[in-house]
Amino acid sequence: MDIQLHAALARAVAGVPHHELRGRVAALSHRYRTEQVADTAPGIRDALDALAYAVVRMPATFRALLTALSTVEHQPSTHVDLGGGTGAAAWAAAALWPSVTTEIVERQPVAIRLGRQLAAGNFSPDWRWTTADLRDWTSPTTIDVITIGYVLNELTDETRRDLIGAAARSAKTIVVVEPGTPSGHRRTLAARDLLIEQGLTIAAPCPHQGPCPADWCHFAARLPRTELHRILKDGTRNYEDEKFTYVVATRRPVSPTPARVIARPIRRKGQVVLDLCTAAGTSERVVVPKSSPSYRTARGASWGDESPTIRR
């Protein structure tokens, strides 16, 4: 799927001068880092803005959403992406569930036009694009999965609460993804609290319903960089790690898990150190020595994985 997305982006950017894109990328990157509210500082104003956003941010957003959506236990038939931009969440949902029917709700017509262009020949027959403002969004039907990806950071507190409430009234499962910053973590926790108040059960990443025991919980998704991506971001590596935070809440049955790995495992000679969020609602650092029957399992653990019971 990465290959298809990069190919679609390469076709869209063909013939566009790189120096024009670089200027737009710098402005969008500043807005992303400073988390400006969209009502006061619209991020995508024209077609060049949309293209710059898609080239630089869409692959990373796709990877983060793919990781979060992969924790959904039940295969959906219907998916709505709120504030979908150029369609990253729709690409992620299609990668996991090829038969899913997706609606992308986005208020910027230029983002919709580019999203349709990128999807053409891939998924567009199964996608419906809706031009709408999230402040007024409601759904007349029940939806299997709603995604809200990299959106809450662009909304006021009041709009966030209203949007989470509207989604909770309409969806069986809701997936919220935010930048992996301390403020992104706080916004995700606030959304988590609202979803619990609405009667949903937390399915991931938390293995419990209680307060978060971590000051800052986030994850990372590694993605390949194209040459154009490196040029526009002044990067040298052929990959980047997208840091993100997320929550999945559902009205469907949830399979319990003992714990989740909430940091990159530390592998030392003869031992593995795992930072875990546990089903008891606590954070715990576990040192698994080579003599433990759980050592091989611990050696294979990755950041973000569900963790079985570890015996030391």
Side-chain angles (χ1 to χ4, degrees), residues 1 5 38 53-54 57-108 111-112 115 118-119 123 126-134 137-139 141-155 159-160 162-180 184 187-188 190-192 194-195 198 200-206 219 221 242 244-252 304:
M1 191 63 71
L5 178 56
Y53 164 82
R57 286 297 308 154
M58 194 174 172
T61 304
F62 161 76
R63 272 288 174 175
L65 283 155
L66 182 68
T67 303
L69 284 171
S70 67
T71 66
V72 175
E73 298 181 45
H74 307 280
Q75 179 167 330
S77 297
T78 55
H79 165 227
V80 171
D81 183 33
L82 298 178
T86 52
W91 279 74
L96 293 168
W97 310 298
S99 62
V100 73
T101 299
T102 289
E103 177 187 4
I104 302 104
V105 180
E106 169 57 43
R107 74 173 184 171
Q108 297 288 354
I112 292 176
L118 296 172
F123 317 108
D126 298 320
W127 293 3
R128 180 161 63 93
W129 296 80
T130 300
T131 306
D133 193 314
L134 296 184
W137 180 84
T138 58
S139 175
T141 61
T142 300
I143 302 152
D144 290 335
V145 171
I146 286 178
T147 47
I148 307 173
Y150 294 83
V151 170
L152 300 184
N153 59 312
E154 299 183 345
L155 304 176
T159 304
R160 290 174 200 157
D162 291 345
L163 183 64
I164 293 295
R169 291 189 293 272
S170 304
K172 296 177 182 177
T173 299
I174 297 173
V175 179
V176 175
V177 179
E178 281 288 293
R187 283 190 299 271
T188 303
R192 180 183 184 272
L194 291 170
L195 292 167
Q198 294 289 331
L200 283 79
T201 300
I202 303 304
C206 322
F219 303 92
E242 171 69 6
F244 67 98
T245 182
Y246 77 101
V247 66
V248 178
T250 186
R251 299 189 187 279
R252 305 289 298 271

Chemist: I'd like to know if the side chain of Arg160 reaches the main chain of Leu155, judged simply by a donor and an acceptor atom lying under 3.5 Å from each other, with no hydrogens or angles considered.
Modeler: yes

Chemist: Verify side chain to side chain contact (heavy atoms under 4.5 Å, CB included) between Trp91 and Thr61, making sure each step is shown before the conclusion.
Modeler: CA-CA 10 Å; Trp91 279 74; Thr61 304; over 6 Å; no

Chemist: Counting N and O atoms only, with roles assigned by atom type, does the side chain of Thr250 sit under 3.5 Å from a partner on the main chain of Arg252, one being a donor and the other an acceptor?
Modeler: yes

Chemist: Looking at OG1 of Thr147 and NE2 of His79, how far apart are the two atoms once the value is rounded to the nearest 0.5 Å?
Modeler: 3.0 Å

Chemist: Closest heavy-atom contact between Ala168 and Leu200?
Modeler: CB-CD1, 4.1 Å

Chemist: With side chain to side chain contact (heavy atoms under 4.5 Å, CB included) as the test, would you mind laying out the steps for Ile112 and Ile104 before giving the verdict?
Modeler: CA-CA 9 Å; Ile112 292 176; Ile104 302 104; over 6 Å; no

Chemist: Roughly how far apart are Met58 CE and Leu65 CG, rounded to 0.5 Å?
Modeler: 10.0 Å

Chemist: Leu195 and Ala249: which non-hydrogen atoms are nearest, and at how many Å?
Modeler: CD1-CB, 3.8 Å

Chemist: Any idea which heavy atoms bring Ser99 and Gln75 closest together, and the distance?
Modeler: OG-NE2, 3.7 Å

Chemist: Has Thr101 got a side-chain atom pairing as donor or acceptor with Thr78's backbone, closer than 3.5 angstrom?
Modeler: no

Chemist: Restricting to ring pair (Phe, Tyr, Trp, His ring centres under 6.0 Å), what partner residues turn up for Phe244, sequence neighbours left out?
Modeler: Tyr246

Chemist: Tell me, do Val151 and Leu82 make a side-chain contact under 4.5 Å, heavy atoms counted?
Modeler: no

Chemist: Rounded to the nearest 0.5 Å, how far apart are CH2 of Trp127 and CG of Asp81?
Modeler: 9.5 Å

Chemist: Indicate yes or no: at least one non-hydrogen side-chain atom of Thr173 is less than 4.5 angstrom from one of Pro76.
Modeler: no

Chemist: Answer yes or no: is there a donor N or O on one side and an acceptor on the other, between the side chain of Asp144 and the main chain of Ser77, under 3.5 Å?
Modeler: yes

Chemist: Any idea which heavy atoms bring Ala89 and Leu69 closest together, and the distance?
Modeler: O-CD1, 4.2 Å

Chemist: Where do Ala93 and Val100 come nearest, in terms of heavy atoms and distance?
Modeler: O-CG1, 4.1 Å

Chemist: Please give me the minimum heavy-atom distance between Ala68 and Val177, naming the atom from each residue.
Modeler: CB-CG2, 3.7 Å

Chemist: May I ask you to decide if Ser139's main-chain N or O and Arg169's side chain share a donor-acceptor pair within less than 3.5 Å?
Modeler: no

Chemist: Working to the nearest 0.5 Å, report the span between NE2 of His74 and CH2 of Trp97.
Modeler: 11.0 Å

Chemist: Any chance the side chains of Thr188 and Glu178 put a donor and an acceptor closer than 3.5 Å?
Modeler: no

Chemist: Please lay out, stage by stage, how Glu242 and Thr67 fare under the test side chain to side chain contact (heavy atoms under 4.5 Å, CB included).
Modeler: CA-CA 11 Å; Glu242 171 69 6; Thr67 303; over 6 Å; no

Chemist: Hey, are the side chains of Leu134 and Arg107 touching, using non-hydrogen atoms and a 4.5 Å cut-off?
Modeler: no

Chemist: Run the side-chain contact (heavy atoms from CB on, under 4.5 Å) test against Leu194 and tell me which residues pass, sequence neighbours left out.
Modeler: Arg161, Ile164, Glu197

